Amino acid sequence: MSQQFWKPGSEKPRILEDEEGGVVFFGPPLSSAASSSSRFGYASIGSQRQRLPVYKYRTAILYLVETHATTIIVGETGSGKTTQIPQYLKEAGWADGGRVIACTQPRRLAVQTVASRVAEEMDVKLGEEVGYAIRFEDVTNPAATMIKFLTDGVLLREIMNDPLLTKYSVIMVDEAHERSISTDILLGLLKKIQRRRPELRLIISSATIEAKSMSDFFQTSKKHRGPEDHDFVPRKVPAILSVEGRGFNVHIHYVVEPVSDYVQATVSTVLSIHDQEPAGDILVFLTGQDDIDAAIRLLAEEAHASRKISSGLIVLPLYSSLPRADQDLVFSPTPRGKRKVVISTNIAETSLTLEGVVYVVDSGFSKQQFYNPISDIENLVVAPISKASARQRAGRAGRVRPGKCYRLYTEEYFVNEMSSVGIPEMQRSKLVSCVIQLKALGIDNILGFDWPASPPPEAMIRALEVLYSLGVLDDDAKLTSPVGFQAAEIPLDPMISKMILSSNQLGCSDEIITIAAILSIQSIWVSGRGVQKELDEAKLRFAAAEGDHVTFLNVYKGFLQSGKSSQWCHKNYMNYQAMKKVIEIREQLRRTALRLGIVLKSCEGDMLAVRKAVTAGFFANASRLEVSDLIFHVSCQTRSMEYGHDIIFLHSSRKLNTLKQ
Ligand SMILES: Nc1ncnc2c1ncn2[C@@H]1O[C@H](COP(=O)(O)OP(=O)(O)OP(=O)(O)O)[C@@H](O)[C@H]1O
């Protein structure tokens with residue numbers, strides 16, 4: 001294949017070192033663009049692009065991509081990897097002849113915002129030359145799209161229809177340090193695809209990736225190095241490029257003493273920034289919707305108590321279950337004389353540029369999934385973040401001007417105790433969704449699959465058992481027909497998919513799709529902090545003796561009857577944004593179900609049918625109600641259940657906990 005970019009004899013990149021094992025490092029070429037440190041005031045998009053640190057490496061990047069099957073690019077946050085590299089590739093001809101350059105992101109919001117930015121930089125309409133695809137939303141034009149941003153999950157689904165991803169010439173797996181399950185499956189599959197399609201080029205990029213271990217993963221064979229050095233046959237040994245330089249400085253501040261209540265500490269820090277620091281928006285990282293709601297309420301109380309300090313603050317939440325229109329608010333320009341405070345989960349941690357943000361407040365925590373394959377229990381717990389995450393968070397400042405990052409943990413903790421990188425999601429999650437996806441992709445020997453980091457065998461075996469008992473896998477661990485194939489097509493947890501499929505025969509698909517939509521979001525209730533009593537009372541108004549699933553149906557019905565009113569939600573301690581999202585997801589599920597031949601049908605109040613459908617999906621979670629006095633004594637008012645060999649306790653918010661024996 002011949003590309004029209006780096007030409008021997010023209011400005012050849014400077015090779016600093018040819019490392020053992022063939023890893024090539026490049027230094028900045030001798031001729032370089034203007035330093036980015038002089039970037040103040042307003043510049044045209046074209047000159048802004050040229051001032052990004054990655055611009056100095058344009059030739060080196062194109063050279064490496066041309067000559068290596070895989071290139072690993074490590075560069076500071078904000079250096080221009082995500083927005084610039086796909087454009088360089090396009091300019092160099094990698095999208096000629098109908099081919100497409102793909103760039104994956106772990107999160108939907110990042111996909112959408114980066115695609116918009118690149119379309120703006122290229123001065124094209126989003127959805128034409130530059131497009132994006134996320135679950136349930138495809139904004140591309142197959143006849144015109146040359147650069148496509150997509151979540152790694154969507155690219156995995158594309159492999160189901162096009163196993164060799166033939167339309168892509170280059171696939172850039174961005175923010176690979178996040179190591180989501182989808183990223184890890186994708187990396188394993190891309191390695192396989194590369195063997196069949198030597199012309200495919202991969203770029204693995206991040207600010208905080210362990211480049212050497214990623215390189216080892218992609219290093220297939222050191223044999224045949226001689227012939228590879230010939231023209232246009234890519235070397236199989238991955239190249240590593242380190243992009244030096246960052247946009248603007250971010251000054252890091254640490255607390256002197258550890259904080260005991262990070263939500264309160266966040267609110268105090270925001271108020272003191274607002275009181276003492278010059279103009280500039282604030283981005284706060286908390287763990288989840290409940291923390292965010294609590295912080296917003298605390299800020300509102302402070303605003304009420306001291307008009308002077310908090311006047312001029314516009315406080316906005318940001319989390320994944322927030323409807324898109326509300327997420328968009330965080331990107332809108334801040335009115336003159338005001339200061340925006342965006343309080344976010346780690347959805348804003350990577351790839352996002354919020355133009356006005358000068359200050360970042362990092363709580364040091366995020367919500368993370370932890371799975372115990374022995375008890376088969378998955379917990380979403382608030383856990384300390386890694387140094388890689390902390391760097392990404394700080395990197396949300398300093399993108400368009402210098403910034404400051406306030407870390408709510410001590411420097412000593414950061415240096416000595418914080419882990420360098422997070423545990424890959426694969427190693428701390430339930431793997432049922434992952435296994436069904438691999439099976440649907442035709443990977444039969446999943447235990448022998450080439451993972452960047454192997455999943456625990458117990459978790460794999462547990463996932464196979466669950467899928468077999470759901471009737472999704474047969475005796476040979478192959479997808480069953482039609483249930484297995486249909487379940488694989490529904491982009492939800494296989495237990496929820498099975499519940500939807502069963503509802504078809506049970507005549508309650510209308511109700512079950514509502515329950516599935518509510519189960520897909522974190523919580524429909526507002527956070528209980530400070531309002532637990534009122535929240536419990538509100539829940540009681542909808543409570544159904546059959547448990548939470550039927551309670552959800554009552555909530556949904558009430559919301560519809562109120563005319564989808566925000567006041568109604570407010571009065572009932574329900575999260576209005578979450579309810580709007582439920583409506584959105586429900587509609588998407590309705591369309592998917594229709595495609596699978598499931599027509600929505602209501603059981604008209606026959607809750608036995610609904611409970612049967614829920615049980616068809618979730619029977620593996622069945623537990624026996626424990627009536628021993630001892631257990632009641634130990635757990636005070638909390639109802640306990642026997643689950644396998646374990647005793648589990650029902651959360652006080654669960655309806656079943658309040659039922660009579
Ligand atoms: N939507 C936007 N509005 C204004 N400037 C932007 C926008 N998106 C990107 N930029 C500018 O382009 C720079 C490079 O962004 P890009 O996302 O390509 O960097 P990156 O190296 O991929 O960073 P990260 O590792 O944090 O994702 C930003 O620092 C910012 O100056």
Side-chain angles (χ1 to χ4, degrees), residues 33 35-58 61 72-90 101 103-107 109-122 126 130 132 147 149 172-178 183 203-209 211 241-250 281 283 285 327-328 330-334 340 342 344 346-358 360 388-403 405:
S35 156
S36 62
S37 61
S38 63
R39 269 201 297 156
F40 287 102
Y42 298 94
S44 70
I45 279 195
S47 59
Q48 273 178 38
R49 285 189 62 199
Q50 292 188 4
R51 287 171 185 173
L52 288 171
V54 77
Y55 182 70
K56 292 183 274 179
Y57 296 82
R58 187 182 184 281
I61 291 167
I72 296 159
I73 300 182
V74 189
E76 279 287 354
T77 55
S79 56
K81 303 176 296 296
T82 316
T83 54
Q84 304 309 305
I85 294 173
Q87 293 186 70
Y88 299 161
L89 294 168
K90 191 228 142 216
I101 297 153
C103 177
T104 72
Q105 296 288 320
R107 298 199 180 87
L109 184 63
V111 167
Q112 292 168 307
T113 54
V114 169
S116 307
R117 172 68 183 181
V118 173
E120 187 192 350
E121 289 188 5
M122 285 171 59
L126 183 62
V130 179
Y132 73 85
I147 299 178
F149 291 91
M172 173 165 165
V173 181
D174 197 20
E175 310 301 354
H177 69 278
E178 288 238 344
T183 310
I203 299 177
I204 315 293
S205 56
S206 167
T208 45
I209 200 172
L241 175 70
S242 174
V243 172
E244 303 296 330
R246 64 179 310 147
F248 296 96
N249 272 341
V250 178
D281 294 340
L283 174 63
F285 286 99
Q327 290 184 346
D328 280 347
V330 307
F331 299 100
S332 58
T334 310
K340 202 157 59 188
V342 176
S344 176
N346 50 11
I347 182 181
E349 194 172 287
T350 46
S351 284
L352 235 57
T353 300
L354 294 172
E355 264 198 80
V357 167
V358 173
V360 166
S389 282
R391 291 203 179 98
Q392 290 287 343
R393 289 180 175 191
R396 296 316 106 194
R399 294 176 87 75
V400 285
R401 57 192 137 148
C405 174

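For clarity, every value in this text was computed on a predicted model and none was experimentally measured. Remember, it's 1-based here, ligands and their atoms both numbered in the order they're listed.
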Run the side chain to side chain contact (heavy atoms under 4.5 Å, CB included) check on Q327 and I347 step by step: do they pass?
CA-CA 11 Å; Q327 290 184 346; I347 182 181; 4.0 Å; yes

Can E355 and T353 be said to form a side chain to side chain donor-acceptor pair (under 3.5 Å), step by step?
CA-CA 6 Å; E355 264 198 80; T353 300; over 6 Å; no

Mind running side chain to side chain donor-acceptor pair (under 3.5 Å) on Q84 and E121 for me, showing each step along the way?
CA-CA 9 Å; Q84 304 309 305; E121 289 188 5; 3.0 Å; yes

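For the atom pair CG (D174) and OG (S351), the distance works out to 5.0 Å, reported to the nearest 0.5 Å.
The ligand atoms of ligand 1 that sit less than 4.0 angstrom from a heavy atom of E76 are 21 (O).
With atom 26 (O) of ligand 1 as the reference point, the heavy atom nearest to it among Q392, R396, R401 is part of R396. By heavy-atom distance, the residue among R117, H177, Q105 lying nearest atom 1 (N) of ligand 1 is R117. Selection from E121, E355, E349 by nearest heavy atom to atom 4 (C) of ligand 1 gives E355.
Under a 4.0 angstrom heavy-atom cut-off, E175 registers as being in contact with ligand 1. Ligand 1 lies nowhere less than 4.0 angstrom from a heavy atom belonging to G75.
The minimum heavy-atom distance between Y57 and S242, with the atom names listed, is CE2-O, 3.7 Å. Looking at every heavy atom in both residues, K81 comes nearest to I73 through CD-O, 4.4 Å.
Contact check for V54 versus I61: side-chain heavy atoms found under the 4.5 Å cut-off.
Only the side chain of L52 comes within contact range of ligand 1, with a heavy atom under 4.0 Å; no backbone atom does. Counting heavy atoms closer than 4.0 Å to ligand 1, residue K81 contributes atoms from both its backbone and its side chain.
In terms of polar-atom proximity, S79 is counted as a contact of ligand 1, with an N or O under 3.5 Å from an N or O of the ligand. Considering backbone and side-chain N/O atoms, T350 never comes within less than 3.5 Å of an N/O atom of ligand 1. Between T82 and ligand 1, at least one pair of N/O atoms sits closer than 3.5 Å.
Partners of D281 according to the side chain to side chain donor-acceptor pair (under 3.5 Å) rule, which considers only residues two or more places apart in sequence or in another chain, are T334.
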